[in-house]
Amino acid sequence: MDSSSYFFDKDRHIFYLDMMLDALPWQYQDQEINRITLAYFAISGLDILGALDRVDKDRVARWVLSLRACPNDESDLHDGEFFGFHGSRSSQFPRHDPGNVRRNGSHLASTYCALAILKIIGYDLLSIDPESILISMRNLQQPDGSFMPIQNGAEKDLRFVYCAAAICFILDDWSGMNREKAKEYICNCQSYDGGFGLVPDSESHGGAAYCAVAALHLMGFIKDDIVSKLPSSSAIDVPMLLEWCLQRQAVDGGFQGRPNKASDTCYAFWVGGILKILGAHNFYDKAALRRFLLTCQSQYGGFSKFPEEWPDLYHSYYGVTAFSLLEEPGLKPLHVELGISDLLASGVLSCLVQF
C-alpha cells in the first residue's frame with residue numbers, strides 16, 4: 001500500500017480538486033448537464049480544505065450567474081415554470097414541447113448547487129432577485145408535499161424536498177414551500193426499520209435518510225442535539241433511525257448505504273452526517289471509519305468509491321467532508337445540513353464580495 005494511505009494527504013486533495021475545477025477529464029462528458037454540481041463539489045471541497053484562494057471568485061460568479069433562468073415578467077412566475085439555475089450551458093438551449101410552449105431547463109438541484117457556490121465565494125445573494133426563485137419554486141411542490149425538480153415530466157422524491165429546504169434556508173425566506181406539507185411527506189417516507197426511502201413505502205437508503213433529517217432540521221422540525229433530549233417529541237422516530245444508522249457501520253469500519261451492501265466512501269458523509277445532526281456522532285467507531293477512508297484515498301489525490309480504485313470527483317468531495325466530520329486537523333468544520341463550511345453557512349463573513 002502506498003505510504004500516503006496512512007495519513008490524510010491534504011495537499012494532494014487540494015491539487016486534485018483544483019485540477020478538476022480547471023478542466024474535467026473526458027470521462028465526465030456524459031455528466032455535462034450537471035456541470036454546476038461538479039463545480040460545487042470542487043469549490044466546496046477546496047473551501048473545506050482551506051484552499052479557497054485557488055478559486056477565481058470573479059470568474060466563478062460570472063459563470064454561475066450566466067446560468068440563471070429569468071422570467072420575462074411577473075406573470076411568468078405563475079405559469080408553472082421554475083426560474084432557478086441551469087445545470088450547464090447545454091441545458092440552456094431552447095427546448096420546445098410539440099404544439100406547446102417553450103420550457104426552460106432550470107432544476108432544483110442545480111439551483112441549490114448554484115446558491116451554495118455563491119454563498120461559499122461570498123457573493124451577495126440579495127442581488128440575484130431571490131423572490132422570483134421562491135415564487136416559481138412553489139409551482140414544483142406537489143399536493144402530497146413532495147417536490148419535482150423541474151416543472152413537468154420528472155420524478156418526485158426526498159432529494160428535491162431537501163433541495164427546496166436548502167434553497168429557502170440559504171435565501172433566509174421560507175415562502176418558497178409549504179413546510180408542513182413537506183414535513184408530512186418526509187414522515188411518510190420513514191420505513192418500518194427506522195430508515196427512510198426516497199419515496200413512501202420504498203427501501204431505506206442512507207442518502208434518502210440524510211435528505212429527510214437535514215431537511216427537517218433546516219425547516220426547524222428537529223432540534224439541535226435531539227439525542228441528549230430524548231425522550232422528546234419529534235416529527236420522526238429518532239431511536240429507530242439511530243439504530244438503523246449505527247447498523248450501517250460495517251466490519252471494515254466504513255458505512256454502507258443499505259443492508260448487505262459494501263462500504264462506500266460517500267456514506268461516511270450521508271450516514272455520518274445524520275448522526276452529527278442528531279448529536280449521536282460519538283456513538284460509532286471513528287477510528288475504524290478513518291482507517292477505511294484511508295484505504296479509499298488515492299495516491300494521486302481524491303477518493304474512490306471502494307478501496308484502492310480510481311478516484312472520482314463525487315467520492316473525493318464526500319471523502320473530504322467525511323474527514324471534516326471526523327475533525328481532521330486543518331479542515332474547516334461543516335454546516336452538515338448544507339454541505340458547505342460552517343463559518344460561511346452561519347453568515348459570518350468578514351465582508352461580502354462585490355462583483
Side-chain angles (χ1 to χ4, degrees), residues 108-109 112 142 144-149 154-166 181-219 221-223 226-227 230-286 288-289 292-293 305-306 314-315 318 321-322 325 336-339:
L108 264 185
Y112 154 67
Q142 305 301 297
D144 64 358
S146 65
F147 275 81
M148 292 196 305
E155 56 197 341
K156 53 181 183 178
D157 58 53
L158 279 180
R159 293 173 297 174
F160 310 121
V161 176
Y162 166 76
C163 289
K181 293 295 293 183
K183 180 184 74 170
E184 181 181 343
Y185 181 79
I186 292 171
C187 292
N188 286 336
C189 290
Q190 188 165 28
S191 182
Y192 71 93
D193 59 5
F196 286 80
L198 282 172
V199 297
D201 302 317
S202 62
E203 181 184 11
S204 295
H205 184 277
Y210 167 86
C211 289
V213 173
L216 287 172
H217 192 270
L218 290 171
M219 292 189 291
F221 295 119
I222 290 181
K223 304 303 180 184
I226 192 171
V227 170
L230 290 175
S232 65
S233 60
S234 174
I236 57 175
D237 189 327
V238 175
M240 282 188 64
L241 172 61
L242 284 175
E243 182 177 359
W244 185 87
C245 288
L246 293 171
Q247 289 175 349
R248 300 285 69 76
Q249 187 166 30
V251 293
D252 60 7
F255 278 105
Q256 56 184 192
R258 292 175 288 164
N260 302 314
K261 295 293 184 179
S263 298
D264 178 333
T265 293
C266 68
Y267 293 108
F269 172 80
W270 298 124
V271 180
I274 297 170
L275 295 171
K276 178 69 173 179
I277 294 169
L278 297 178
H281 51 289
N282 291 322
F283 290 3
Y284 64 91
D285 190 336
K286 294 183 179 181
L289 176 60
F292 169 79
L293 290 171
K305 178 183 178 76
F306 301 126
Y314 173 85
H315 290 92
Y318 287 113
T321 58
L325 288 175
V336 185
E337 301 86 342
L338 291 183

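Keep in mind that this is a model prediction, so the values were computed, not measured.
Listed by chain and residue number, nothing satisfies the side-chain hydrogen bond (donor to acceptor under 3.5 Å, both in side chains) test with Tyr284 (two or more places apart in sequence, or in another chain).
Between Leu242 and Ala280, the shortest heavy-atom distance links the atoms CD2-CB, 3.6 Å. For the residue pair Tyr185 and Gly145, the shortest heavy atom distance occurs at CB-C, 4.0 Å. In terms of heavy atoms, Gly197 sits closest to Ala208 at C-CB, 3.7 Å. Scanning all heavy atoms of the two residues, the minimum distance from Val213 to Leu278 falls at CG1-CD2, 4.2 Å. In terms of heavy-atom proximity, Gly206 sits nearest to Val271 at CA-CG2, 4.2 Å. The minimum heavy-atom distance linking Ala154 with Met148 is given by the pair O-SD, 3.5 Å.
Here the CG-CH2 distance, from Leu246 to Trp244, works out to 11.0 Å after rounding to the nearest 0.5 Å. Atom-to-atom distance recorded for Lys286:NZ and Leu275:CG is 10.0 Å, nearest 0.5 angstrom. Annotation: the span from Cys163 atom SG to Leu158 atom CG amounts to 11.0 Å, rounded to 0.5 Å. Atom CZ in Arg248 sits 8.5 Å away from atom OG in Ser204 (nearest 0.5 Å). Rounded to the nearest 0.5 angstrom, Tyr192 OH and Asp237 CG are separated by 14.0 Å. The line from CD of Gln190 to CG of Leu241 is 6.0 Å long, rounded to the nearest 0.5 Å.
Side-chain contact between Phe196 and Ile186: present, with at least one pair of heavy atoms (C-beta onward) separated by less than 4.5 Å. The closest side-chain heavy-atom distance from Lys305 to Thr265 is not below 4.5 Å. Side-chain contact check for Phe160 versus Leu198: every heavy-atom pair is 4.5 Å or farther apart.
The closest donor-acceptor contact from the side chain of Gln249 to the backbone of Asp285 lies under 3.5 Å. Of the possible polar contacts, one joining the Gln256 side chain to the Lys261 backbone as a donor-acceptor pair under 3.5 Å is found.
No close placement of the Tyr210 and His205 rings is indicated, their centers lying 6.0 Å or farther apart.
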Evaluation steps, side chain to side chain contact (heavy atoms under 4.5 Å, CB included), between Val161 and Cys211
CA-CA 8 Å; Val161 176; Cys211 289; over 6 Å; no
Let's go through Asp264 and Phe292 carefully: what are the C-alpha distance in whole Å and the side-chain angles of both, what is the deciding distance for side chain to side chain contact (heavy atoms under 4.5 Å, CB included) to 0.1 Å, and is it a yes or a no?
CA-CA 9 Å; Asp264 178 333; Phe292 169 79; 5.9 Å; no
What do the steps show when you test Arg159 against Phe147 for side chain to side chain contact (heavy atoms under 4.5 Å, CB included), and what is the final call?
CA-CA 9 Å; Arg159 293 173 297 174; Phe147 275 81; over 6 Å; no
Test side chain to side chain contact (heavy atoms under 4.5 Å, CB included) on Glu184 and Asp144; report intermediate values, then the result.
CA-CA 8 Å; Glu184 181 181 343; Asp144 64 358; over 6 Å; no
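Taking the six-membered ring where the residue is Trp, Tyr162 and Tyr112 present perpendicular rings, their angle passing 60° and hence far from 30°. Note: Trp270 and Tyr314 have tilted aromatic rings, judged against thresholds of 30 and 60 degrees for the angle between ring planes.
Within the structure, salt bridge (Lys or Arg N to Asp or Glu O under 4.0 Å) contacts touching residues 188-210 (residues at least two apart or in different chains) are Glu203-Arg258.
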